[in-house]
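Read the structure below first, then the notes.
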Amino acid sequence: MDKEEQILQIIRFNPYITQQELADQIGLSRPAVANYIKRLIEAGRIKGRAYVLNDEQTIACVGGANVDRKAHALQAVRLQSSNPVKTEESLGGVARNVAENLARLNLRPGLTTVVGQDKEGEWLRDASFKLGLDTQMMMTLSQERTGTYSAFLDPSGELVVSMADMAIYDALTKQLIQQKWSHIKQANAIFLDTNIATDALQEVIEQSAKQQLTVFVDPVSSIKAEKLPKDLTGVHTILPNQEEAETLSGITINHEQDYALACQKLLDQGVQQVVLTLGAKGIYYYSQDESGFIEALPVDVKDVTGAGDAFTSGVIYGATQQMSLSESCRFGLGCATVTLESEQSCAEDLSVETVYNKLKELN
Ligand SMILES: Nc1ncnc2c1ncn2[C@@H]1O[C@H](COP(=O)(O)OP(=O)(O)OP(=O)(O)O)[C@@H](O)[C@H]1O
Ligand SMILES: O=c1[nH]cc([C@@H]2O[C@H](CO)[C@@H](O)[C@H]2O)c(=O)[nH]1
């Protein structure tokens, strides 16, 4: 990204930044920054310093940004054999997917993550910038490789197996979070995935609780869910699938009545709201005030990757619009449906309008 674009991106998220602060962040002298700004004003790209109303919802997304490599089987899958496939690459990572979806839903997301100094990292940086994400908290680590997620999908778009090569996230530690916290905490809400180091997860949750920030958590996988602290005070909403809910609550879910038991266990650990994602069955939501099932919407699935992230994005969007938990979940199901119909991990046509149209069409 060239210096002018970097300056514009920083100003977009902090219109009061001084020239000296800009110079420090980009590694230029103050007079050099002044020159760039003069040129940007002359080009009409900066109109002047203005008072900015605080009515835009900023969401700090903290967690993974991967390159997803997906192989779609063209025939019934045969294990321990060579399968004909169509392969495809797209941008992924739970926190990044949520940030992209939220940008498409007209919120102002930022992305706190780490990428390697490689072509994948460069792709992630450029694309995040083009999507309008606040990328100031994206850190490039020269010793690490960018995270990758490789998935093998059957002809109906369902996952057969996936591989997560994501050692890089062990380097997103408590210390890095502390360095960036003064920026992260300015957001209206935080979305956190469990890709990052155990001590970093605890730090975000503890600091958010102290500052009464609204935190949404996606446990990502049952293995990574184990990194979450036992005390979840400060977590506003957690969105596990059934296996992750079992890991977190210690309750085996055999019957529908067990959903409420597992969710109540999470409330006892300090969470305010739980939404269980149940694949093709739909979702179960639970809080002190409301609970219930909502069935999944009928859909012609192209690729399941990212459906859960789209659902989460819809729930976060609903919360920013003061919807109730059940209304937010309905909106989330609309987002998941639009995404299931796309081969990308995030649907390019996701918008508030397409989601409402989809919900109208299916009602
Ligand atoms: N095969 C399907 N048919 C219909 N709806 C589906 C299907 N798979 C997922 N969904 C919808 O998407 C929502 C989220 O998907 P899922 O339950 O797979 O989330 P997840 O396990 O968190 O996903 P992810 O793989 O993104 O981590 C579901 O609650 C459901 O509404
Ligand atoms: O351990 C992980 N597995 C998968 C993902 C990401 O999940 C997305 C789908 O929900 C996909 O984009 C993948 O990169 C991740 O961030 N961490």
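Counting starts at 1 for both ligands and their atoms, following the listed order.
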### Any E158 heavy atom less than 4.0 Å from ligand 1
yes
### Query
Should K174 and E206 count as an ion pair when the cut-off is N to O under 4.0 Å?
no
### Query
Using a heavy-atom cut-off of under 4.0 Å, does the side chain or the backbone of D218 touch ligand 1, or both, or neither?
neither
Find all protein N or O atoms under 3.5 angstrom from an N or O atom of ligand 2 and list the pairs with distances, or write 'none'.
{"unit_1": "ligand 2", "atom_1": "1 (O)", "unit_2": "K224", "atom_2": "NZ", "d": "2.8"}
{"unit_1": "ligand 2", "atom_1": "10 (O)", "unit_2": "D309", "atom_2": "OD1", "d": "3.4"}
{"unit_1": "ligand 2", "atom_1": "10 (O)", "unit_2": "D309", "atom_2": "OD2", "d": "2.8"}
{"unit_1": "ligand 2", "atom_1": "12 (O)", "unit_2": "D68", "atom_2": "OD1", "d": "3.3"}
{"unit_1": "ligand 2", "atom_1": "12 (O)", "unit_2": "D68", "atom_2": "OD2", "d": "2.5"}
{"unit_1": "ligand 2", "atom_1": "12 (O)", "unit_2": "G93", "atom_2": "N", "d": "3.1"}
{"unit_1": "ligand 2", "atom_1": "12 (O)", "unit_2": "N97", "atom_2": "ND2", "d": "3.0"}
{"unit_1": "ligand 2", "atom_1": "14 (O)", "unit_2": "N66", "atom_2": "ND2", "d": "3.0"}
{"unit_1": "ligand 2", "atom_1": "14 (O)", "unit_2": "D68", "atom_2": "OD1", "d": "2.6"}
{"unit_1": "ligand 2", "atom_1": "14 (O)", "unit_2": "G93", "atom_2": "N", "d": "2.9"}
{"unit_1": "ligand 2", "atom_1": "16 (O)", "unit_2": "N66", "atom_2": "ND2", "d": "3.3"}
{"unit_1": "ligand 2", "atom_1": "16 (O)", "unit_2": "V94", "atom_2": "N", "d": "3.1"}
{"unit_1": "ligand 2", "atom_1": "16 (O)", "unit_2": "N195", "atom_2": "ND2", "d": "2.9"}
{"unit_1": "ligand 2", "atom_1": "17 (N)", "unit_2": "N195", "atom_2": "OD1", "d": "2.8"}

#### Entry: K130 bridged to E100 by N-O distance under 4.0 Å
no
### Message
Using the side chain to side chain contact (heavy atoms under 4.5 Å, CB included) definition, which of the options V275, L276, D218, L228 pairs with I238?
### Response
L228
### Message
Between E122 and K119, does any NZ, NE, NH1 or NH2 come within less than 4.0 Å of an OD or OE carboxylate oxygen?
### Response
no
### Query
Is G279 close to ligand 1, meaning an N/O of one under 3.5 Å from an N/O of the other?
yes
### Query
Is any N or O atom of V301, backbone or side chain, closer than 3.5 Å to an N or O atom of ligand 1?
no
### Message
Pairs of nitrogen or oxygen atoms closer than 3.5 Å, one from L297 and one from ligand 1: do any exist?
### Response
no
### Task
Look at atom 3 (N) of ligand 1 and find which of A336, A280, A296 reaches it with the closest heavy atom.
A280
### Query
How does L333 reach ligand 1, if at all, at less than 4.0 Å between non-hydrogen atoms: by side chain, backbone, both, or neither?
side chain
### Message
Does ligand 1 come near enough to T305 that some N or O of the ligand is less than 3.5 Å from an N or O of the residue?
### Response
no
